[in-house]
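Order of the sequence lines fixes the chain letters, A, B, ..., with proteins taken first and strands second; residue numbering starts at 1 for each chain.
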Number of protein chains: 2
Amino acid sequence: MSAARHPADSLSGPAEDYLKAIYDLEQTRGAGAATNDIAQRLDIAAASVSGMIRRLAEHGLIEHEPYRGVRLTPQGRMAALRTIRRHRVIESYLATALGYPWDRVHDEAELLEHAASDELVDRMAAAIGEPATDPHGAPIPARDGSVTERPVIALEALGAGAVAVVARVGDEDAARLRYLAELGILPGARVEVVNRAPFDGPLTLRVDGDERTIGPALAAHVLVATPERSLLGG
Amino acid sequence: MSAARHPADSLSGPAEDYLKAIYDLEQTRGAGAATNDIAQRLDIAAASVSGMIRRLAEHGLIEHEPYRGVRLTPQGRMAALRTIRRHRVIESYLATALGYPWDRVHDEAELLEHAASDELVDRMAAAIGEPATDPHGAPIPARDGSVTERPVIALEALGAGAVAVVARVGDEDAARLRYLAELGILPGARVEVVNRAPFDGPLTLRVDGDERTIGPALAAHVLVATPERSLLGG
DNA sequence: CACAAGGTTTAGGGAAGCCTAAACTTTTCT
DNA sequence: AGAAAAGTTTAGGCTTCCCTAAACCTTGTG
Ligand SMILES: [Mn+2]
Ligand SMILES: [Mn+2]
Ligand SMILES: [Mn+2]
Ligand SMILES: [Mn+2]
């Protein structure tokens, strides 16, 4: 009765973080986002997630099929993308305009994204030349919510001999980012899989002429574009 | 028993706004801040202020004498000044680095001040050359909490013939800021009181060679430094 | 098919912050 | 001084967002 007719502009910080998490989960897994997955991503008890799910559904931002998962409504997707745009523009601005190291922009953006106005975010984007991706290679949605996700594949999924360009790395863990930077695994870097040990063993890579060995768990957080995929268009 | 031994770094946004308000009230009024004044400044019911006062006192940030008012403890003053520094650095950065109009920096800073880290604020300050005052002329506290408040007097308090330099204007009301800018009443502007109508009447000023008339209510929000005061040192 | 395991929701509770109404204290006015 | 006015606090309630424990579905396995 009172559903779906709410201010909509004034989402709480926590609500915005839930929508972002649900958006991400919907993207990677094909289907709706599971309560447990949301809980894990946000480091919150599953029961608390159920509570927030109810509120978001009442506001018409998600649809909830009990015991089955949640999906964003068009309105919820728009809200998620607005927050994601803010997050990524802020990350980019901090790195480009203020010299922030790339392993620390994420935590700062995680809070600022809920406080910065659309106008501020637009001014930031303009000041640094409307970048297409954030410092970790993630695409920045446009003001209208449109995003062009490049076709990418996890570095972990490549076989020996494959050559690829790093498109994007997971940005949640600062220590991991520092380590990847040490290895030269940055967006735009060319990597070649020299060898792949069996039984989920480490990958030997050639990066910038140097040989590097990384475990599959780490390689799962590195997304790459392969020449074939680029040409075929995924 | 559990008083005064708390994280202290993690103050809520509302708590920081209360501390700022109490700091301001302590400065202008000489004595402790009254519940009603805090309520009016924050646009919150007086009863709600009593509740927050209890919490802030439990955290050792203020001292409360019931029915008499509150005062900041040294710890509370430090927390207030840290938030004020953030607010004013952010205002300055928005105006200088991002071309924000001076009538809109305040509202944006009012939210960002609770989300920006000290490191971000320091980087902003460095990027614009460590300004001494914000766009409205208010002094920016240093990292260690030290502030040098210039001796100022309300323009409203000047008599006919007085000459002064605008030091600072109230920044809470955007429309008022736009009007003052229209009149040329900006920090640094030289104003001369040409005439003063009796019975709380309007002041006629000369600003930039132009004659301007403003009411005493508006003049109360313009703080000026007079030559004598500057020389005598207040 | 039954049932254990895993995932999800409900029940009950707490802290923060806000509200209105009522009680209470202090100040001011007659 | 006594009473009205002004200011403050307390009482009782509400929403949001979090928690743990218990009930409840769904699924996969024996
Ligand atoms: Mn990020
Ligand atoms: Mn966030
Ligand atoms: Mn301000
Ligand atoms: Mn604020």
Side-chain angles (χ1 to χ4, degrees), chain A residues 2-3 5-22 25 29 31-71 79 83 110-111 114-115, chain B residues 1-3 5-22 25 29 31-71 76 79 83 110-111 114-115:
Chain A
S2 75
R5 204 199 315 108
H6 276 269
D9 199 14
S10 59
L11 283 175
S12 68
E16 290 183 332
D17 281 338
Y18 274 83
L19 292 176
K20 278 200 312 174
I22 293 166
L25 289 167
R29 327 277 201 280
T35 301
N36 254 1
D37 292 346
I38 302 170
Q40 191 188 351
R41 178 154 312 212
L42 297 177
D43 198 27
I44 279 172
S48 306
V49 172
S50 282
M52 180 62 100
I53 282 175
R54 188 176 36 68
R55 280 190 298 270
L56 293 174
E58 279 168 8
H59 286 250
L61 296 163
I62 62 177
E63 261 165 37
H64 181 211
E65 203 174 337
Y67 292 99
R68 280 280 134 82
V70 299
R71 280 175 183 289
T83 306
E110 199 58 59
L111 293 178
H114 313 296
Chain B
M1 210 174 242
S2 77
R5 207 196 316 111
H6 276 271
D9 199 13
S10 60
L11 283 174
S12 68
E16 290 183 333
D17 281 339
Y18 273 85
L19 292 176
K20 279 199 312 176
I22 294 166
L25 290 167
R29 325 278 201 280
T35 301
N36 253 2
D37 292 345
I38 301 170
Q40 190 188 352
R41 176 151 316 208
L42 298 177
D43 198 26
I44 279 173
S48 306
V49 173
S50 283
M52 180 62 99
I53 281 174
R54 187 176 36 68
R55 279 190 299 271
L56 293 174
E58 279 167 8
H59 285 249
L61 296 162
I62 61 176
E63 260 165 37
H64 181 211
E65 203 173 338
Y67 291 100
R68 281 277 129 86
V70 298
R71 283 175 182 286
T83 305
E110 199 57 59
L111 294 178
H114 312 297

> For the atom pair OH (B/Tyr18) and CD1 (B/Ile44), what is the distance rounded to the nearest 0.5 Å?
Replying inline: 3.5 Å

> What does nucleotides 1-16 of chain C look like as a protein-contact string, B for base, S for sugar-phosphate only, - for none, at under 4.0 angstrom between heavy atoms?
Replying inline: ------BBBB-----S

>> Run the side chain to side chain donor-acceptor pair (under 3.5 Å) test against A/His114 and tell me which residues pass, sequence neighbours left out.
In response: A/Glu16, A/Asp17

>> Could you report the tightest heavy-atom contact between B/Leu19 and B/Gly76, atom names first, then the distance?
In response: CD1-O, 4.3 Å

> What is the minimum heavy-atom distance between B/Ala45 and B/Ala39, and which atoms define it?
Replying inline: C-CB, 4.2 Å

> In whole Å, what is the span from the OH atom of B/Tyr18 to the C1' atom of C/dC18?
Replying inline: 8 Å

>> What is the distance, to the nearest angstrom, from the CD atom on A/Glu16 to the P atom on D/dT16?
In response: 15 Å

>> Going by the rule side chain to side chain donor-acceptor pair (under 3.5 Å), which residues pair with B/Arg41 if we only count those two or more places apart in sequence or in a different chain?
In response: B/Asp24

>> From CG of B/Leu56 over to P of D/dT9, roughly how many Å is that when rounded to an integer?
In response: 13 Å

